[in-house]
Protein chains: 2
Amino acid sequence: MLLSKTSEYGIRAMLHLAGVGGDEYVSVKKISETLDISFHFLTKIFQQLAKSGLIDSYRGPNGGVRISGSASKITVRAVVGALDGEDLFSKCVLGLPGCTKDHPCPLHEHWIKSRSAIEQMMSEKTLEDVGADLRAGGYRLKAGALWSED
Amino acid sequence: MLLSKTSEYGIRAMLHLAGVGGDEYVSVKKISETLDISFHFLTKIFQQLAKSGLIDSYRGPNGGVRISGSASKITVRAVVGALDGEDLFSKCVLGLPGCTKDHPCPLHEHWIKSRSAIEQMMSEKTLEDVGADLRAGGYRLKAGALWSED
DNA sequence: CCGTTTTAAGACAAGGATATCTTTTTTGTT
DNA sequence: AACAAAAAAGATATCCTTGTCTTAAAACGG
Ligand code: FES
Ligand code: FES
């Protein structure tokens with residue numbers, strides 16, 4: 001699998017926040033119910049995203065999480081980096097240590113092209129872009145239903 | 001991680017066999033020592049590859065494994081398919097069930113392009129091609145040393 | 001001040017991937 | 001026939017990811 005469940009859930013949750021828009025705090029409970037993701041697991045994921053500075057969190061009644069700063073400055077690439085780390089974007093496809101042009105495995109030249117394509121794809125998608133797509137309709141963030149705010 | 005350890009090891013072992021060339025049986029023990037891969041684990045992997053028809057195996061003294069049929073007909077793509085299955089080449093990047101144009105997630109259009117690029121990269125690399133590359137020199141299949149037959 | 005809502009943090013359980021070990025079966029050699 | 005070499009098969013162990021549960025801390029409203 002390309003991404004861990006942690007990243008899959010984390011991206012879906014962040015894209016959902018982008019779709020909702022605004023700078024209101026949304027409770028993790030609500031998000032987990034809307035997207036059919038385990039509440040406790042999602043809580044852990046948001047804690048990681050908070051430590052990475054991608055979200056703000058606030059406790060107490062009407063608390064929750066929200067995208068930190070501007071959604072136009074955060075990319076899917078950043079979310080993956082915060083949750084899964086840099087391995088996908090830096091490591092050898094065969095798992096050999098030190099993937100460089102000087103010590104290539106037989107797939108190196110081809111792999112780094114695909115790897116860059118993935119990274120670029122994730123880097124050019126800002127949360128703001130996806131939020132607009134979601135609101136325009138036709139896309140989904142969970143099984144069985146098109147996106148809606150709640 | 002893109003590929004499981006099973007696929008990483010399996011590809012390295014198959015590429016090694018391609019580098020050795022010929023239709024002699026090579027013992028799994030020898031391969032595991034040459035590539036620094038756990039012998040027992042590699043045995044399991046070759047058993048899967050045998051069931052998929054990508055290798056022949058033979059027991060007893062001077063037995064071992066060899067590429068089945070022609071190395072020019074087997075691709076890295078086929079090895080991954082046999083060991084990790086088709087998920088990488090068919091599933092939604094966000095893990096949603098049923099990745100199709102009709103029920104797209106917000107990353108669908110971009111992801112299927114990257115996904116196809118990966119599949120094509122792996123499909124155009126035959127074992128024969130890589131075997132020739134290895135023998136020409138300059139590539140590695142293990143940490144710390146360029147490829148050699150043993 | 002007290003109770004409720006919410007995130008934070010930590011403990012724990014279930015599962016799969018990875019790794020190791022032992023036994024069995026096949027084959028070749030002496 | 002006896003022995004050795006090698007893959008096949010199965011049992012078990014270790015680790016990491018995933019998932020659940022419990023308790024603590026913060027914030028708000030009455
Ligand atoms: S060394 Fe293998 S992809 Fe770079
Ligand atoms: S539906 Fe998500 S990649 Fe196709």
Side-chain angles (χ1 to χ4, degrees), chain A residues 1-14 17 24-68 80 82-85 87-88 91 94-95, chain B residues 1-14 17 24-68 80 82-85 87-88 91 94-95:
Chain A
M1 222 171 337
L2 186 79
L3 301 174
S4 67
K5 285 289 169 194
T6 296
S7 273
E8 288 181 4
Y9 296 163
I11 295 170
R12 287 170 57 202
M14 289 295 271
L17 282 176
E24 304 287 308
Y25 285 101
V26 182
S27 84
V28 177
K29 186 81 182 164
K30 181 76 183 307
I31 300 172
S32 75
E33 286 167 354
T34 303
L35 297 183
D36 289 328
I37 299 173
S38 151
F39 164 69
H40 290 285
F41 196 14
L42 190 54
T43 292
K44 297 294 169 63
I45 294 170
F46 273 123
Q47 284 173 21
Q48 289 184 66
L49 292 172
K51 280 177 188 158
S52 302
L54 298 183
I55 63 154
D56 305 320
S57 63
Y58 204 81
R59 297 202 252 202
N62 304 314
V65 295
R66 71 176 182 196
I67 292 169
S68 180
V80 173
L83 295 175
D84 276 359
D87 280 6
L88 176 61
K91 283 197 62 177
L94 298 183
Chain B
M1 221 172 335
L2 185 78
L3 301 173
S4 66
K5 286 288 168 194
T6 295
S7 272
E8 287 182 3
Y9 296 163
I11 294 171
R12 286 170 57 201
M14 290 295 271
L17 282 176
E24 303 287 308
Y25 285 101
V26 182
S27 83
V28 177
K29 185 81 182 164
K30 181 76 183 308
I31 300 173
S32 76
E33 286 167 354
T34 303
L35 297 183
D36 289 327
I37 298 174
S38 152
F39 165 68
H40 288 101
F41 195 14
L42 190 54
T43 291
K44 296 292 168 66
I45 294 170
F46 272 122
Q47 285 172 21
Q48 289 184 66
L49 292 171
K51 280 176 188 161
S52 302
L54 297 183
I55 63 155
D56 305 320
S57 63
Y58 204 81
R59 298 202 252 202
N62 304 314
V65 295
R66 72 177 178 194
I67 292 169
S68 180
V80 173
L83 295 175
D84 276 359
D87 281 6
L88 176 60
K91 283 194 64 179
L94 298 183

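Worth knowing before you read on, the calculation uses all heavy atoms, side chains too, and leaves out hydrogens, waters and symmetry mates. Here is how names work: the chains are called A, B, and so on, in the same order as the sequence lines, proteins then strands, and each is numbered from 1.
Comparing D/dC21, C/dT5, D/dA9 by their closest approach to the side chain of A/P61 singles out C/dT5. Side-chain atoms of B/N62 lie closest to C/dG28 of the nucleotides D/dA9, C/dG28, C/dT18. Listed nucleotides C/dA9, D/dA7, C/dT7 differ in distance to A/K44; the shortest reach to its side chain belongs to C/dA9.
The nearest whole Å value for the distance from the CG atom in B/D87 to the C1' atom in C/dG16 is 14 Å. Atom pair B/K51:NZ and D/dA8:C1' shows a separation of 9 Å (rounding to whole Å applied). Rounded to a whole Å, the NE2 atom of B/H40 is 15 Å from the P atom of D/dA9. One atom, CG of A/L49, and another, P of C/dA9, lie 14 Å apart when rounded to the nearest Å. Counting to the nearest Å, the P atom of D/dT17 and the NZ atom of B/K5 are 12 Å from each other. Following rounding to the nearest Å, B/F39 (CZ) and C/dT22 (C1') show an atom-to-atom distance of 12 Å. One can place CG of B/L42 at 13 Å from C1' of C/dT18, the figure rounded to the nearest angstrom. Atom CZ in A/F41 sits roughly 16 Å away from atom C1' in C/dG10 (whole-Å rounding).
Side-chain nitrogen and oxygen atoms of A/S57 include at least one within less than 4.0 Å of the OP1 or OP2 phosphate oxygen of C/dA8. Here A/S38 reaches the OP1 or OP2 of D/dT20: one of its side-chain N or O atoms lies under 4.0 Å away. Distances shown here put a side-chain N or O of B/Y9 below 4.0 Å from the OP1 or OP2 atom of C/dA19. In this structure, B/T6 reaches the C/dT18 phosphate: one of its side-chain N or O atoms is under 4.0 Å from OP1 or OP2.
Looking at heavy-atom distances under 4.0 Å, B/Y58 makes contact with sugar-phosphate atoms alone, never a base.
With values rounded to the nearest 0.5 angstrom, A/M14 atom CE is found 5.0 Å from A/L54 atom CG.
Using a distance-only test at 3.5 Å, with no hydrogens or angles considered, a donor-acceptor pair links the side chain of B/D84 to the main chain of B/S4.
Using a 30° and 60° split on the angle between ring planes, A/Y58 and A/Y25 fall in the tilted class, from 30° to 60°.
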Are B/L17 and B/I31 close enough, and set up right, to give a side chain to side chain contact (heavy atoms under 4.5 Å, CB included), and what steps lead you there? CA-CA 8 Å; B/L17 282 176; B/I31 300 173; 4.0 Å; yes

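Side chain B/R59 to base C/dT26: no donor-acceptor pair is found below 3.5 Å.
We find that B/K5 and B/E8 are joined by a salt bridge, their nearest charged nitrogen and carboxylate oxygen being less than 4.0 Å apart.
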